[in-house]
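Chain identifiers are assigned alphabetically (A, B, ...) following the order of the sequence lines, protein sequences preceding nucleic acid strands; residue numbering begins at 1 within each chain.
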Amino acid sequence: METFQSLLAKKLSNALFAAGLPNAGELTSATDPRFGDYQTNAALIVAKQQGESPREVARRIVEHLKVDDVGEAPTVAGPGFINFTLRPAVVAEKTASMLADERLGVSQAESPRRIVVDFGSPNVAKPMHVGHIRSIVLGDALARIASFLGHEVIRDNHIGDWGTQFGMVIYGWKNLLDQDALQQNPLAEIVRFYKETNALATSDPQVREACRQELVKLQGGDKENIDIWNECVALSMQDFEHVYELLDIHYDIQCGESFYHDRLPGVVEHLLKSGIAELSEGAVVVFFRDVPELSDKPCIIRKRDGGFNYATTDVATVDYRLGELKADSVWYVVGAPQTLHFKQIFEIARRQGYQADLRHITFGSILGEDRKLMKTRSGDNVPLRELLEEAGRRARKIIEEKNPDLSEPEKMDVAQIIGIGAVKYADLSQYRMTDYVFLWDKMLSLQGNTAPYLQNAYVRIRSIFRKAGKSWNWHPADKEIGWKPMRICLNESAEINLAKRLCQFAEIVPQVLNDFRPNILANYLFEVANVFHTFYEACPVLKSEEPARSSRLALCYLTGRVLHRGLDLLGIKVPEKM
RNA sequence: GUGCCUGUAGCUCAACCGGAUAGAGCUUCUGACUUCGGAUCAGAAGGUUGGGGGUUCGAAUCCCUCCAGGCACGCCA
C-alpha cells in the first residue's frame, strides 16, 4: 500500500521533470497544521542551484503538479514552500483500506537483508545491571521493527563467557565457595566470591599467580576446571533467562565468547599470513597507518604472552557472522565507550574483503536523580532483576489505587505489563544518544509521554468494544481481520485529524531504521493517543447515530490496532483492562 | 595532550538529510464532569537552543573557537 508521502513524492518528481527542473528537495509531513498535511522545499533547493527566485520556481512546479486525485490544489507559501492538503474523502478511503490490511499499510522492504542484531551481551559471573537495559531494549525493538519490515533478523546474545575473569572465578570456587549460599542464590554467591578473589588478587601476588594458573588449566582443557566453568555458565544463564522472561526477550542464537575459542588461533594466523597483522614488541598487532583517525591506534589481536583478547574474539565473530551466517548487515547495540574498538574491528573486516554493512549503534547512559551514573546507595550497579521487580511492585500499587476491582490474577498480569512497559518506554521514547535520568514517578505516570498513558488509551478503546456488543467482538491482535470493508465518513475535525494521523503509521515505521531511532515511533504513538483522546472527547461513539457510529467504531478499532502494533514493535504489551 | 559524544522552557525530553513563528509532557494558573474508564480534554504562562564568530534566501542542525560534563586513547572486556 502506498503512503500519501510516497505518492506525493512521485507526483512532485514528475512535476519537476515536466517543468524541466532537476529532482531535488524532499517531501515531508507538514511542520505545522497551518501548512496543510505535507510540504516540500524542492523549489528552494532548485532556485538556489539555478540562481532564480524560489517563489517563481515554486509557481512553475505547481503548474505541473497534478494532485487533484488526492488533495486540494497545492499552494506556494513563505519563502517558496509548496504545501499539500489531503481531501477528507481520500483520507477516509485510505483509512478504510488500512482496516482490511493486516500490516496496517506498512510495506515490506524492497530488498530484504539478513541482519544479525547483537545486543544484551551479559557477562557470566556478573549479574545484569541497569546498564544493560538500553542495549537489550533498543536492540530488541530494532530487531522487531526490522523483522516486521521484512528483513531476516538473527538476534544474537554475545555472552561474555570466556576470558581472564574465569581464572578468578575458578580460584574462588575452589577456595572460597559457600555451598549453602550457592543453593540459596547461585549467582549472588558466584559474584560474592569472584569479588573477594578479585580483591585478594589485587593485594596478593601469590593469589594472582594462582588465578593465572587456573586460567591456563581451563584453557588447556583441564577437566575439573572445565566442569566448574560449565557450572558457572549454567547458573548465570538461569539468572539471565529469568530477566529475559520478565522483559519478553528471545534470542535466535547465543554464541558467546567461548563459542569462538577454537577459532582464535586460525584468525590470528590468517591475519598474519594476509599481511593485515604483524609482529610488534612480541604481540600480534594490526596497524592502520593509512587511516588518519586510527593511525596512532593499533589493535592487538594476540598478546605478547600468546593469549588472545576481546579483539581477537570480535574478529572471529565477524568472520562467523559474515562468512557462515552470511549476514548482509550486523548491528552492534553496544555502549559508546567501545567506539574505537569497533572502528578497529570494522576496519579489519574491510581489509579482509568483507563488504557487509557493519554498524555500531551506541547509546547514552542512565543516570540517577543526582545526574550521575545510576547506582545503588552503596555505590554498586543496580541489578536489573531487582529493578524490574520493583517496576512491577510500583505498578501494582498504582493499580490498587486506581482500579481495586480487578481480580487478583488480572492485577498481577497488568502490573507486570505496565511496570515493564514503563521501563522500556522510558528508554525508547528518547533519543538514544542522550543520557537520561531514571525517574520512577515520571515513567509510571498516567499523564504525559509514558507507556501507561498509551496503554490507557488502548484500554479505553477496548472498553468501548466491550460495551458495543458481540457483533464487534474481535481483537486487534487477531491474525484474521474481522472487519468487513466499510465506508468511513469523516466530518468532524477531530475525526479527520485522527484518521490522518493513523494513515502516517506506514510512513513512520520505516523511518526508525534510518538512524536507529525508536523514539520516532514512540513519539508518533504518543501523538496518536493524543489525537484519539481529543476525538474521544469531541465525538461520542456508541451514542451517535448511524452511519457515524460504525464509522467511529472503525476509527477506534484502527487506533487500537495501531497502538497495539506500534507498542508491540517497541516490545511493549498492552492490557485489556488496567 | 589527541579524538568522539552530549549541552534546547524551572524540571524531563522532541525537532527526520539546513526550512516557515524551536515543539511536547511535568509543574503553575484558568476553564469543562448525572463521562463511552475525568487515569481525560480545552486554554494560558514559560526560550538569546552553553558563549562568541562564520557559511546563506534560511542554522538547534553545517564550519571555526571557547566553556561545561562524559567517554576513549598498545597487550582488561
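- Among the protein residues, A:Ala283 comes within range of the nucleic acid bases, having at least one heavy atom under 4.0 Å from a base atom.
- Among the protein residues, A:Val437 comes within range of the sugar-phosphate backbone only, with heavy atoms under 4.0 Å from sugar or phosphate atoms but none that close to a base.
- Taking only side-chain atoms of A:Asn309, from C-beta outward, the nucleotide of B:rA77, B:rG19, B:rC73 with the closest atom is B:rA77.
- Side-chain atoms of A:Asn449 stay outside donor-acceptor range of the base of B:rG25, with no qualifying N/O pair under 3.5 Å.
- Of all nucleotides listed (B:rU12, B:rA20, B:rC16), B:rU12 comes nearest to the side chain of A:Leu439.
- Between A:Gln39 and B:rG19 there is no side-chain polar atom (N or O) within less than 4.0 angstrom of OP1 or OP2.
- Under the Watson-Crick or G-U wobble criterion, with both distances below 3.5 Å, B:rA45 has no partner in any strand shown.
- For the pair A:Thr339 and A:Thr164, both in contact range of RNA chain B, the more 5′-proximal nearest nucleotide belongs to A:Thr339.
- For the pair A:Tyr524 OH and B:rG23 P, the computed distance is 22 Å after rounding to whole Å.
- B:rC76 atom P lies 15 Å from atom CD of A:Gln338, rounded to whole Å.
- Following rounding to the nearest Å, A:His360 (NE2) and B:rC4 (C1') show an atom-to-atom distance of 12 Å.
- Between A:His158 and the choices A:Phe259, A:Tyr260, A:Phe119, the side chain to side chain contact (heavy atoms under 4.5 Å, CB included) rule is met once, by A:Tyr260.
- Heavy atoms of A:Asp32 sit nowhere under 4.0 angstrom from any nucleic acid atom.
- Between the C1' atom of B:rC5 and the CZ atom of A:Arg432 lies a distance of 11 Å, rounded to the nearest Å.
- For A:Thr434, a side-chain nitrogen or oxygen approaches OP1 or OP2 of B:rA14 to under 4.0 Å.
- Nucleotide B:rC41 is shown with an anti base, its glycosidic torsion being more than 90° from 0.
- Nucleic acid contact class of A:Gln447 (heavy atoms, under 4.0 Å, all strands): sugar-phosphate only.
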Please determine whether ring pair (Phe, Tyr, Trp, His ring centres under 6.0 Å) holds for the pair A:Phe35 and A:Phe84, giving the CA-CA distance in whole Å, both sets of side-chain angles, and the decisive distance to 0.1 Å.
CA-CA 8 Å; A:Phe35 307 140; A:Phe84 302 87; over 10 Å; no

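- Residue A:Met433 has its side chain nearest to B:rU6 when only B:rU6, B:rA24, B:rA15 are considered.
- Distance noted for atom P between B:rU34 and B:rC13: 39 Å (whole Å).
- Nucleic acid contact for A:Leu340: sugar-phosphate only, since backbone atoms but no base atoms lie under 4.0 Å from a heavy atom of the residue.
- Contact annotation: A:Asn523 side-chain N/O to B:rC16 OP1/OP2 distance is not under 4.0 Å.
- Distance noted for atom C1' between B:rA32 and B:rA14: 29 Å (whole Å).
- Here A:Lys303 reaches the OP1 or OP2 of B:rC76: one of its side-chain N or O atoms lies under 4.0 Å away.
- When the P atom of B:rU56 is taken as reference, atom CD of A:Gln50 falls 19 Å away, rounded to whole Å.
- The two residues A:Phe288 and A:Glu347 come nearest to each other via the heavy atoms CD2-CG, 3.3 Å.
- Summarising the base pairing, B:rC17 is matched to no nucleotide, lacking a Watson-Crick or G-U wobble pair whose two defining distances lie under 3.5 Å.
- Counting non-hydrogen atoms under 4.0 angstrom, A:Asn530 reaches the backbone sugars and phosphates but no base.
- In this structure, A:Ala538 reaches neither bases nor backbone, as no heavy-atom distance under 4.0 Å exists between it and the strands shown.
- Nearest nucleotide to the A:Glu26 side chain, out of B:rU6, B:rC13, B:rC17: B:rC17.
- Within the shown strands, B:rC71 is the pairing partner of B:rG3 under the Watson-Crick or G-U definition, both distances less than 3.5 Å.
- Both thresholds, 5.5 Å between centres and 30° between ring planes, are not jointly met by A:Phe81 relative to the base of B:rG19, so the two rings are not stacked.
- Side-chain atoms of A:Asn83 come within donor-acceptor range of the base of B:rA20, with a qualifying N/O pair under 3.5 Å.
- Note on A:Arg34: a base of the nucleic acid sits closer than 4.0 angstrom, heavy atoms only.
- What separates CD of A:Gln430 from C1' of B:rG25 is a distance of 12 Å, to the nearest Å.
- Looking at which nucleotide of RNA chain B each of A:Lys442 and A:Ser29 is closest to, the 5′-most match is held by A:Lys442.
- With P as the reference atom, B:rU49 and B:rG54 are 16 Å apart, rounded to whole Å.
- Across every strand in view, B:rC11 sits in a pair with B:rG25 that passes the Watson-Crick or G-U test at under 3.5 angstrom.
- Across all strands shown, B:rC62 pairs with B:rG54; the Watson-Crick or G-U wobble distances both stay below 3.5 Å.
- Between A:Phe166 and A:Trp229, the ring-plane angle classifies as perpendicular under the 30° and 60° cut-offs.
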Test salt bridge (Lys or Arg N to Asp or Glu O under 4.0 Å) on A:Glu401 and A:Lys397; report intermediate values, then the result.
CA-CA 6 Å; A:Glu401 261 172 51; A:Lys397 215 174 138 194; 5.8 Å; no

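- Summarising the geometry, atom NZ belonging to A:Lys424 is positioned 12.0 Å from atom CG belonging to A:Leu138; distances are rounded to the nearest 0.5 Å.
- Of all nucleotides listed (B:rC57, B:rU6, B:rU40), B:rU40 comes nearest to the side chain of A:Glu537.
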As a quick check of understanding, evaluate salt bridge (Lys or Arg N to Asp or Glu O under 4.0 Å) for A:Lys411 and A:Asp413, giving each step before the final call.
CA-CA 5 Å; A:Lys411 281 180 186 170; A:Asp413 196 35; over 6 Å; no

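- Set against B:rC75, B:rG74, B:rG19, the side chain of A:Arg304 has B:rC75 as its closest nucleotide.
- The residue A:Asn403 sits close to a base: some heavy atom pair falls under 4.0 Å.
- Regarding contacts with the backbone of B:rG58, every side-chain N or O of A:Asn41 stays at 4.0 angstrom or more from both OP1 and OP2.
- Counting to the nearest Å, the C1' atom of B:rA15 and the OH atom of A:Tyr431 are 12 Å from each other.
- Using Watson-Crick or G-U wobble geometry with both donor-acceptor distances under 3.5 Å, B:rA32 finds its partner in B:rU40.
- Note on A:His533: every side-chain N or O is 4.0 Å or more away from OP1 and OP2 of B:rU40.
- Summarising the geometry, atom CG belonging to A:Asp37 is positioned 8.0 Å from atom CD belonging to A:Gln504; distances are rounded to the nearest 0.5 Å.
- Taking NE2 of A:His129 as the start and CG of A:Asn381 as the end, the distance is 4.0 Å to the nearest 0.5 Å.
- Distance A:Gln504 CD to B:rC16 P: 15 Å, rounded to the nearest Å.
- For A:Thr534, a side-chain nitrogen or oxygen approaches OP1 or OP2 of B:rA42 to under 4.0 Å.
- In this model, a side-chain donor or acceptor of A:Ser280 finds a partner on the base of B:rG74 within 3.5 Å.
- At a threshold of 4.0 angstrom between heavy atoms, the contacts of A:Pro337 are confined to the sugar-phosphate backbone, with no base atom among them.
- Side chain A:Lys48 to base B:rG58: a donor-acceptor pair is found below 3.5 Å.
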